[in-house]
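I have placed the structure first, in the form of structure tokens, so that the comments after it can refer back to it.
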Amino acid sequence: MTRDPAALLPSAEPVMLIDPSGAPTGLADVPDDDTMLAAYGALVAARRLNDQAYALVRQGRLAVYPSSHGQEACQVAAAQVLGADDWLFPTYRDTVAAVTRGVDPVEVLVLLKGDWHSGYDPYRTKVAPQATPLATQLLHAVGVGYAAKLRGEPTVVMALCGDGATSEGDFHEALNFAAVFGVPVVFFVQNNEYAISVPLARQSVAPSLAHKGVGYGVPGERVDGNDVAALLAVLGGAVAKARAGEGPQLVEAHTYRMQAHTNADDATRYRQDDEVAAWVERDPLTRAEAYLRGRGALGDDQVTAYAAEADRMAAHVRDGLNRDVEPNPDDLFDFVYARRTPQLEEQAALVADELSREDAR
Amino acid sequence: MTRDPAALLPSAEPVMLIDPSGAPTGLADVPDDDTMLAAYGALVAARRLNDQAYALVRQGRLAVYPSSHGQEACQVAAAQVLGADDWLFPTYRDTVAAVTRGVDPVEVLVLLKGDWHSGYDPYRTKVAPQATPLATQLLHAVGVGYAAKLRGEPTVVMALCGDGATSEGDFHEALNFAAVFGVPVVFFVQNNEYAISVPLARQSVAPSLAHKGVGYGVPGERVDGNDVAALLAVLGGAVAKARAGEGPQLVEAHTYRMQAHTNADDATRYRQDDEVAAWVERDPLTRAEAYLRGRGALGDDQVTAYAAEADRMAAHVRDGLNRDVEPNPDDLFDFVYARRTPQLEEQAALVADELSREDAR
Amino acid sequence: MTHEKLTMAQALNRALRDAMAEDPSVLMFGEDVGPLGGVFRITDGLTAEFGEERCFDTPLAESGIVGLAVGMAMNGMRPVVEMQFDAFAYPAFEQVVSHVAKLRNRTRGAVTVPMVIRVPYAGGIGGVEHHCDSSESYYAHTPGLHVLAPANAADAYGLLREAIASPDPVVFLEPKKLYWSKEEVDLAAPVPGIGKAAVVREGTDATLIAYGPSVPTALEAAEVAAQDGRSLQVVDVRSIVPFDDATVCEAVRSTGRAVVVAEAVGFASVSSEIVARVTERCFHSLAAPIRRVTGFDIPFPPPKLEHFQLPGVDRILDAVDDLQWEDS
Amino acid sequence: MTHEKLTMAQALNRALRDAMAEDPSVLMFGEDVGPLGGVFRITDGLTAEFGEERCFDTPLAESGIVGLAVGMAMNGMRPVVEMQFDAFAYPAFEQVVSHVAKLRNRTRGAVTVPMVIRVPYAGGIGGVEHHCDSSESYYAHTPGLHVLAPANAADAYGLLREAIASPDPVVFLEPKKLYWSKEEVDLAAPVPGIGKAAVVREGTDATLIAYGPSVPTALEAAEVAAQDGRSLQVVDVRSIVPFDDATVCEAVRSTGRAVVVAEAVGFASVSSEIVARVTERCFHSLAAPIRRVTGFDIPFPPPKLEHFQLPGVDRILDAVDDLQWEDS
Ligand SMILES: Cc1ncc(C[n+]2csc(CCOP(=O)(O)OP(=O)(O)O)c2C)c(N)n1
Ligand SMILES: Cc1ncc(C[n+]2csc(CCOP(=O)(O)OP(=O)(O)O)c2C)c(N)n1
Ligand SMILES: [Mg+2]
Ligand SMILES: [Mg+2]
């Protein structure tokens, strides 16, 4: 039992460096303008991607989309604080994080388009496949980090989950394993107040989700999830500590899911419009823009340029998703094992036979 | 998020009311002499039961026995602080707790004798079947408590587990469910320093196991697990708070498993004799005796009387376990469902037929 | 007047409402089953009607949900829990296998756990991975559980009422793709009961044995076969555990040929069991080995490929064609 | 000189040691596998020999153990994990089914999880509840896993080496009751390989099909039958997934009669599968339906009653007697 509880407790209030009006709070230095501009650009792209994906669901090109509208700052920061050799473990809601780290958005959306379960090579960008079974990926993140640690590699792993996922047993086991083995993982909880329809108050009565670190000997930190500057600072600090050998870190961002859980969800059944409205003025994108404009680091021209860049990305996404891929039944049998078993050979032959007879008809 | 973290943190040191020499520490009042004498009597019986069961394993009457030698004070106190309508949820190591609450030791030992999985009617004494799959029973305890709460009954549930079990996902889910639903459960962790061979330091690097309450909004408390007075006070306080509507409570007792995990285990592979020796002087039984003798509340006559009482219990245990029960194959099929399925009828008939042919041979 | 046009989802909702109205110890809980009414709206309106204490949301933890239900069932309640999707029931597997299934037996009947685990299950709705598993074989292989799978709204109502009333724990598998099919339902009709299969179409040439989502497909196949002059009988298993050997074997003996149809992966599955036990019992009545049309031995495919995995009319009819008609 | 007299426990230990010595990416972890050497001593001496970083104890959490292994396998390691007993693997069920089994498929082969989940399993050692489950059917029903069950020390060594070398995840079932049986083992002997069954006794009248703990029982039954003038062939399945249809079917065709022997609960099990698939393929070679001798459909009994549950020589010979010898 090695840790002093006082060193583990998060701050009473979430860290905020820029207030909703765009003014620095003075709590600590805001990251430099280049860093902030890079974050701003990614936020613009992220918002555009959320909007585009939402539209593609309406057009029937995506089965469903869990939007991160309102949470973009969390995801942008989670990706931007990582180095090339670090790993990112995203959930179904973290399309933006994966894309910010460099995965082609068309490839990320393959899951929701329905062509395959995962559309990108996780090793190319060191982004794990998006996880659906809640909290399970946190353990994989610990394993990836521990393997790297055993080999003496300086890898840090950023493991994402939602507020609801903190209730799962795997959350507990992941934090504990990481702590006991001193694995450099940053557990980053995007607390967006809801797990589908279930509000945070029915999920936990802890002082905050960051307080969950205490029980593992893991330092917790709370941050304003709509303030990209604070997120870059807090997540960046957590990554630095993890890399320096201080073990896992837990960060809770306070944010809000502006849209329904997915397009299939009806949020009016469980929350009031005015609750949503109150979060509009905390929008992460306008806050970053106001700050940068206030400093004169961002002008209309650049805003237009970022928007144009985001539009190009959106066009690329539309093109990619409008392309129909001919489903290949061989795919069903080719990846279950390194080689097809005799049984899978038989079953694949059955399908091939059926198809050839269909063609013959 | 309703709880103030300061109110959740356990004391820096485990609560001790009587020191190893038997002297009151003065930290708080020791329970009255009647209470302490009742505890002492139960401790004597408990030690005798542990010794007797151990001997019965050597004699081949029990398959195995997980002794609580050294931890008797925890189990005696856990049972004695409960009222008649409360529930106790013991593990495989908590034979003493079950017996202290009134279950016939012969019935408790049925599991380890091998006649059946559980030998007592849980409703008669409100003692749940001893749980083997670690931490799973904590959720059942929450369910029992919540059902009572919904009906407005004043039941408190005492749910026992070991230090190792706190690493399981079910520990996490149980504490969280209890906290969110405000269920009157006292989670009582007997931290005996080992999970079979694994020392606490490889199980957790939290400041203490009691600190795990913080992450659920559950107050934690630490207590000397070899001081029955402190245990009665702390566990009694926790039960009172739970009953008063303050929700679940977490108590960690610091104790030590004096013998191997079970008779099948070889403790010399993972711990040194001198580590064990250091705990001898903290023995819960001698400490309680020294205190009571010191106050003049206990004399040689009474000590002898308690010992004789314990011997009678041990004789009863020997008698019970030396009685061979004829295994009845019908039992295999009669309790799987309320009524045998047609399939079980067929299978039972098969066994009956086999046996009748065997008899005929 | 008890005849009504209901979807299976509405029939299930009605079953819960009627059970809760009749018996105050019946509770409903799980993820999003409260104000939202469940992601499939099976619990719609229950919180409003019966209050937060009778139908409520839990923290997001399936082992927790099932473990809580075990404790409540031990203490006088009759909990019904919802696992949001088939694959999201797996975190509760230990609780189901080691406790729900075993507590009665462990305690020689002293402790019973009358509870229902409702699982929206199987594919056919274009769902992404983890949302389409057919997990019945895991449960059916576990003694101590009853495993039911209705194939129409009337059975959904009747079987869920029976499941809630049962003194034994029930895993209740709701075929997602049938949630929205509407039919005439007589809520007051007597229910054949747990453990009873039903011949849902008479036929003389071969028997199709199916349950849950595969029953409508089997019926469709029988319809097509009839147009080709082949008379297929269809048996709806309804109750996977306990299994109705009598009805199924009588049916198979009457035709001498059979095909088992199930969406689940075939290997070591309920359909393997049906083939094995019917063959054991009806060997000399069989003109051909019993064929299986099941999911392949692969993880459930993504939406664009799922039609390959689901047993369809063509695959069923191919299997029927393979039943060695010339030899007989 | 590679012939040695070894118990299965020693053979497994040797396989781990040899694999760890050859490949630094092979790691061993789980509960009590470090200094203690595992409750069955399968990992005895590995921490001493390879250090704490290669063989280590984890916190007590099975989902954690398997989930950690998944991540390590994703990142270049070849973890071998021990589940302390069969029933204590259930908390890891979601990780096994939703990740271990599926990651390769999910990512079209980009992510592989070469790992071995060792499970001391099945009964026959007088163990109390939760310590004697035969859980192979749960794994065998899950595509993406290989499922192996050795029945002797030589296979235990060879198959575990193969399992560790495999690019695919393997559930490796170690029959507890065979841990201490000693035999001559040639560690250098070539291994038939994953997916290969073995005819372990020739015979002409009927075929016994068994795996893991039931193989010695089947051999014993064949020995007894031989004294009664009946010649029983015994097939050791060895590899449950992939299943060796060729060897098993050839054997059954050669005798025309078969009994499947397995300790597990029979319903919806691996033995159901064997009956179903062999019948499908060998129907016209069969003189009688294939019989099963399995555990009953009940929770594993307490020690004093377990002998009723375990398939024994008598029950096997009764089933052989039932194979309609008069009719043929
Ligand atoms: C093990 C498991 N149980 C249930 C689900 C179904 N489900 C998907 S998302 C979700 C809510 C998750 O809430 P949270 O963790 O707060 O993340 P958010 O969706 O808000 O980003 C649920 C219940 C799941 N994916 N996995
Ligand atoms: C889910 C589960 N995993 C593994 C085991 C095997 N096992 C039995 S006792 C034990 C150690 C438990 O340690 P702890 O919780 O500290 O309790 P103690 O035995 O010290 O009283 C283990 C690993 C089990 N019973 N259940
Ligand atoms: Mg959320
Ligand atoms: Mg312990």
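Chain A is the first sequence line, chain B the second, and so forth, proteins listed ahead of strands; every chain is numbered from 1.
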- Task: Give a yes/no verdict on a cation-pi contact between B:Arg269 and B:Tyr194, requiring under 6.0 Å between NZ or CZ and the six-membered ring centre and an angle within 45° of the axis.
- Result: no
Using only heavy-atom distances, determine whether the side chains of [X] and [Y] contain a donor-acceptor pair under 3.5 Å.
X	Y	value
B:Asn192	B:Gln71	yes
B:Thr91	B:Asp94	yes
B:Ser68	B:Asn50	yes
D:Ser214	D:Thr217	no

- Message: Taking atom CZ as the centre, does B:Arg357 end up with more than 12 heavy-atom neighbours from other residues, nucleotides or ligands that are less than 6.0 angstrom away?
- Response: yes
- Message: Can you confirm whether more than 12 heavy atoms, excluding those of B:Asp273, are under 6.0 Å from its CG atom?
- Response: no
- Query: Out of B:Glu346, B:Lys113, B:Gln343, which one racks up the most heavy-atom pairs below 4.5 Å with chain D?
  - Reply: B:Lys113
- Task: Mind ranking B:Thr132, B:Val110, B:Val325 by heavy-atom pairs under 4.5 Å with chain D and telling me who comes out on top?
- Result: B:Thr132
- Task: Quick one: sort the B:Phe171 and B:Tyr216 rings into parallel, tilted or perpendicular, breaks at 30° and 60°.
- Result: perpendicular
- Message: Can you tell me how the ring of D:Phe85 sits relative to the ring of D:Phe40, calling it parallel under 30°, perpendicular over 60° and tilted otherwise?
- Response: perpendicular
With a 4.5 angstrom heavy-atom cut-off, which part of [X] approaches chain B: side chain, backbone, both or neither?
X	value
D:Phe88	side chain
D:Asp32	both
D:Asp318	side chain

For [X], is it the side chain, the backbone, both or neither that has a heavy atom under 4.5 Å from a heavy atom of chain D?
X	answer
B:Gln347	both
B:Glu358	side chain
B:Leu134	side chain
B:Leu344	side chain
B:Val198	both

- Message: Between D:Gly34, D:Gly126, D:Pro301, D:Gly64, who has the most heavy-atom pairs with chain B when the cutoff is under 4.5 Å?
- Response: D:Pro301
- Message: Taking salt bridge (charged side-chain N to carboxylate O under 4.0 Å, His left out) as the definition, give me every residue that meets it alongside D:Arg54, ordered by chain and number, with sequence neighbours left out.
- Response: none
Quick one: does any side-chain atom of [X] pair with a main-chain N or O of [Y] as donor and acceptor, under 3.5 Å?
X	Y	result
B:Asp104	B:Val106	yes
B:Asn191	B:Asp163	no
D:Thr142	D:Tyr138	yes

- If contact means a heavy atom pair closer than 4.5 Å, which residues of residues 54-66 of chain B contact chain D? none
- With chain D as the partner chain, list the residues of residues 253-268 of chain B whose heavy atoms fall under 4.5 Å from it, by residue number, and write 'none' if nothing qualifies. B:Asp265, B:Asp266
- Item | All pairs passing side chain to side chain donor-acceptor pair (under 3.5 Å) where residues 302-313 of chain D contributes a residue, at least two apart | B:Asp115-D:Lys304
- Message: Looking at every heavy atom in both D:Ser271 and D:Ala262, which two are closest together, and how far apart are they?
- Response: CB-CB, 4.3 Å
